[in-house]
There are 2 protein chains.
Amino acid sequence: MISKKTKYGLKALIYLARQYEQGPILIADLARDENIPKKFLEAILLALKNSGILQSRKGKGGGYYLGRSPRQITMGQAIRVMEGPLAPVPCVSESAYAKCTECGNENTCGIRLVMKDVRDAIAQILDNTTLADVLERIDHAEQSEKNVIDFCI
Amino acid sequence: MISKKTKYGLKALIYLARQYEQGPILIADLARDENIPKKFLEAILLALKNSGILQSRKGKGGGYYLGRSPRQITMGQAIRVMEGPLAPVPCVSESAYAKCTECGNENTCGIRLVMKDVRDAIAQILDNTTLADVLERIDHAEQSEKNVIDFCI
DNA sequence: TTAAAATCTATCAAATCTGTAGACTAACCA
DNA sequence: TGGTTAGTCTACAGATTTGATAGATTTTAA
């Protein structure tokens, strides 16, 4: 299960993607609109900035904005910043490999063999889904729902 | 990342699968052979028993053993017992659905749309990989490694 | 130079994870 | 029947992570 931190971060990114190239957005506005504790959100946005996904400007007229186009930011990149590696076990992580302390022979570990497949399946999806893709899917879902409502009327 | 508890549990299941139909296995032997803290392992095996995956017998000659054939126990079943639902967010879980507190409209939530795909990909693998499959993959990997060594000699 | 807004530091409560200790119960065997 | 074996139950405790708050500081625009 992903943490609240990750959910908040993803919500913030989707929010900022929706307003891409419309100037800096205030943390306060984002926190209010998405129901995220402001101080908590500050730390999350800072982490996303330090990873290069976001940029910011201080002082009056300042705020946060995407560091590059929504087409060039993937869910995988964002989730790794907030949640850590996608891999279920460190010994199959591509971005942050580490030896499992309890494992003997890595080549013949049954858990590892299975978890490698799981990691690849997760990464296949998250590293190929951009913020732009997510916006499209949301629009599509909203359209579908609207049609259902129209149909009911 | 999966917890140590889950890793210990999976190791124990693989260990027990390897000795299927050879009578009850002692917690103490399992703990020693797999380097798992005994008292911690006790709690894990008990949970696996309560879920029906394992069975046990008390007293002399007692111990733990698989409740059904390794062909009929999947990694998904086992992991859900120790780690909880496979889904990254509760609102896409098949085994333990729950509404996300922070989500407004579930039908148009972008995070949900993506995480549904992730859950399905994970479940596709883990619910179709049995303990017998894992044993086979281990054997295969050990054979491959042996060949490499022979080749080097 | 003043106000706005991000940034940094520190702290904290609650939950979860990992592991331990000891009493209790069931089963076997002599 | 009594002793030994081995799983079961209850409780706890330290470490780490999570979620959140408070206040001081720095940067920038007007």
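Per chain, numbering begins at 1; letters A, B, ... match sequence-line order.
Across every non-hydrogen atom of Gly110(B) and Ile138(A), the tightest pair is CA-CG1, 3.5 Å.
A straight line from CE of Met82(A) to P of dT18(D) spans 13 Å, rounded to a whole angstrom. Spacing between atom CD1 of Ile27(A) and atom C1' of dC8(C) amounts to 12 Å, rounded to whole angstrom units. Straight-line distance from the NZ atom of Lys4(B) to the P atom of dC17(C): 14 Å, rounded to whole Å. Straight-line distance from the CE atom of Met1(B) to the C1' atom of dT18(D): 17 Å, rounded to whole Å.
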Criterion salt bridge (Lys or Arg N to Asp or Glu O under 4.0 Å) on Glu102(B) and Lys5(A), from CA distance to verdict: CA-CA 12 Å; Glu102(B) 49 278 315; Lys5(A) 180 178 171 186; over 6 Å; no

Verdict with reasoning, Glu136(A) to Arg71(A), per salt bridge (Lys or Arg N to Asp or Glu O under 4.0 Å): CA-CA 11 Å; Glu136(A) 273 172 31; Arg71(A) 285 244 156 270; 2.7 Å; yes

Stepwise salt bridge (Lys or Arg N to Asp or Glu O under 4.0 Å) check, Asp120(A) with Lys116(A): CA-CA 6 Å; Asp120(A) 289 346; Lys116(A) 174 81 168 74; 2.9 Å; yes

Verdict with supporting geometry, Glu106(A) and Lys99(A), salt bridge (Lys or Arg N to Asp or Glu O under 4.0 Å): CA-CA 8 Å; Glu106(A) 222 173 59; Lys99(A) 197 168 183 309; 5.3 Å; no

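Considering only the side chain of Lys5(A), dG19(D) comes nearest among dG19(D), dG7(D), dT18(C).
Between Leu13(B) and Leu54(B), the closest side-chain pair of non-hydrogen atoms falls below 4.5 Å.
Contact between the side-chain N/O atoms of Ser3(B) and the OP1/OP2 oxygens of dT18(C) is found at a separation under 4.0 Å. The side chain of Tyr8(A) places an N or O atom within less than 4.0 Å of a non-bridging phosphate oxygen (OP1 or OP2) of dA20(D).
Within the 4.0 angstrom heavy-atom criterion, no nucleotide atom of any strand lies near Ile2(B). Residue contacts for Ile25(B): at a heavy-atom cut-off of 4.0 Å it reaches the sugar-phosphate backbone alone, with no base atom in range.
Linking Ile, Leu, Val, Met, Phe, Trp and Tyr whenever their side-chain heavy atoms come within less than 4.5 Å leaves Leu113(A) and Ile111(A) in two separate clusters.
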Return the polar atom pairs (N/O with N/O) between nucleotides 26-30 of chain C and the protein under 3.5 Å, or none.
from, atom 1, to, atom 2, distance (Å)
dA26(C), O4', Lys58(B), NZ, 3.4

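Only Pro37(B), Lys39(B), Phe40(B), listed by number, bring a heavy atom of residues 33-50 of chain B to less than 4.0 angstrom from any atom of DNA chain C.
In this structure a side-chain-to-backbone donor-acceptor pair under 3.5 Å is missing from Thr129(A) to Leu126(A).
Using modelled atom types and a 3.5 Å distance limit, the side chains of Asn147(A) and Ser144(A) yield no donor-acceptor pair.
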